[in-house]
Amino acid sequence: RTVRDAALLLTAMAGSDPSDPATVEADQRKKDYAANLTGDALKGMRLGVPRDRIGDNPALKAGFEAALDVLRKQGAEIVDIADTRKGLDGLGEAEFEVLMVELKADLNAYLAETPPSVKARTLEQVIAFNKAEPAELRWFGQELFDLAQSKKGLDDPAYLEALAKSKRMAGPEGIDRLLRENKVDLLVSPTTGVAWKTDLVNGDQYSGPSASALPAIAGYPHLTVPMGAIEGLPLGISFIGTAWDDERVLQAGYDYEQASKARVEPAFKPSIEAALP
């Protein structure tokens, strides 16, 4: 529910895992992430705002501008960034190739270690099960499963090239470049658009840009903090940093949280219409 909760959880979870190469450095980077949440980290901090990732919703934009005012009052300097997409052509395609290859490899590895009662032990067997028991296929296709199954594996040169490209473009040429060129400590933006309805005819109907893509692909820290609500639907503000900058991301988010008190208790209405006045 709070940034301190997130810091406590990260402190408990952080560390190297022999089965996860991305965590090789984690043991030497471990610290108590909740120890230095003091409320004054934003003083003198430069925060970059990707103006091309805010979207067009007037209420969301107004909420975000109010959040920026809170950050300014806490001593942060706001630096507008006009174009965050420069040099990122082809990132989406590379990332999707990685997603498909790793879906097959990781699902196969996971299913191989499940209890004997689990009969489908590979992605291929999952696809076959869905065809034999097609209840869910009435509503959900498995085209992505089929595409993932067609991939060759983690040693395929096409995958390795896409992986390297994704990491490079999202990290050094993405977040790191934006931080460096604009001389800012962190990036801040709305986490995503206003929550949308999902239905069985149209599926997801995304309502705005998302802040999660670059940090997710790069493996960099990304914290989202409540930023208020629109008609009962929650809004979030994202704090994004470079690799291993988790502590500063948490400190900035904590300062904003304490100053804004913007979290709205969820009402868990059966529908958005029930939440309206």
Neighbour count above 12 (heavy atom, 6.0 Å) for D56 CG: no

Side chain S207, main chain V194, donor-acceptor under 3.5 Å: yes

Modelled atom types, side-chain donor and acceptor of T23 and S16, under 3.5 Å: no

Contacts of W244 that satisfy ring-ring contact (aromatic ring centres under 6.0 Å, His included) - sequence neighbours left out: none

Backbone of A41 reached by a side-chain donor or acceptor of R248 within 3.5 Å: no

Any donor-acceptor N/O pair, E257 side chain to T2 backbone, under 3.5 Å: no

Validation row: L187, T84 side chains within 4.5 angstrom (heavy atoms): no

Side-chain donor/acceptor of D80 to backbone N/O of V49, under 3.5 Å: no

Residues, nucleotides or ligands: over 12 heavy atoms within 6.0 Å of E25 CD: yes

Donor-acceptor side-chain pairing of S19 and D17 below 3.5 angstrom: yes

Sidechain-backbone polar pair: D255 side chain, L42 backbone, donor-acceptor under 3.5 Å: yes

Check: residues 58-74 side-chain donor-acceptor pairs under 3.5 Å, at least two apart:
| residue | atom | partner | partner atom | Å |
| --- | --- | --- | --- | --- |
| E65 | OE2 | R51 | NH1 | 2.6 |
| E65 | OE2 | R51 | NH2 | 3.4 |
| D69 | OD1 | R72 | NH1 | 2.9 |

Y254 to L37 - nearest heavy-atom pair and separation: CE2-O, 3.5 Å

Any donor-acceptor pair under 3.5 Å from R85 side chain to D52 backbone: yes

CD (E161) with more than 12 external heavy atoms under 6.0 Å: no

Any D245 side-chain heavy atom under 4.5 Å of D185 side chain: no

Check against salt bridge (charged side-chain N to carboxylate O under 4.0 Å, His left out), R138 and E136: CA-CA 5 Å; R138 178 185 178 192; E136 288 82 6; over 6 Å; no

Distance-only polar pair, side chains of D199 and Q205, donor-acceptor under 3.5 Å: yes

Sidechain-backbone polar pair: T11 side chain, Y33 backbone, donor-acceptor under 3.5 Å: yes

Side-chain donor/acceptor of Q125 to backbone N/O of R121, under 3.5 Å: yes

Salt bridge (charged side-chain N to carboxylate O under 4.0 Å, His left out) assessment of E124 paired with K104: CA-CA 9 Å; E124 184 176 25; K104 178 182 179 179; over 6 Å; no

Side chain proximity check, D176 to Y220, heavy atoms < 4.5 angstrom: yes

Within-4.5 Å side-chain heavy-atom neighbours: I81 and L178: yes

Test item: V249 and H222 side chains (from C-beta on) under 4.5 Å apart, heavy atoms: no

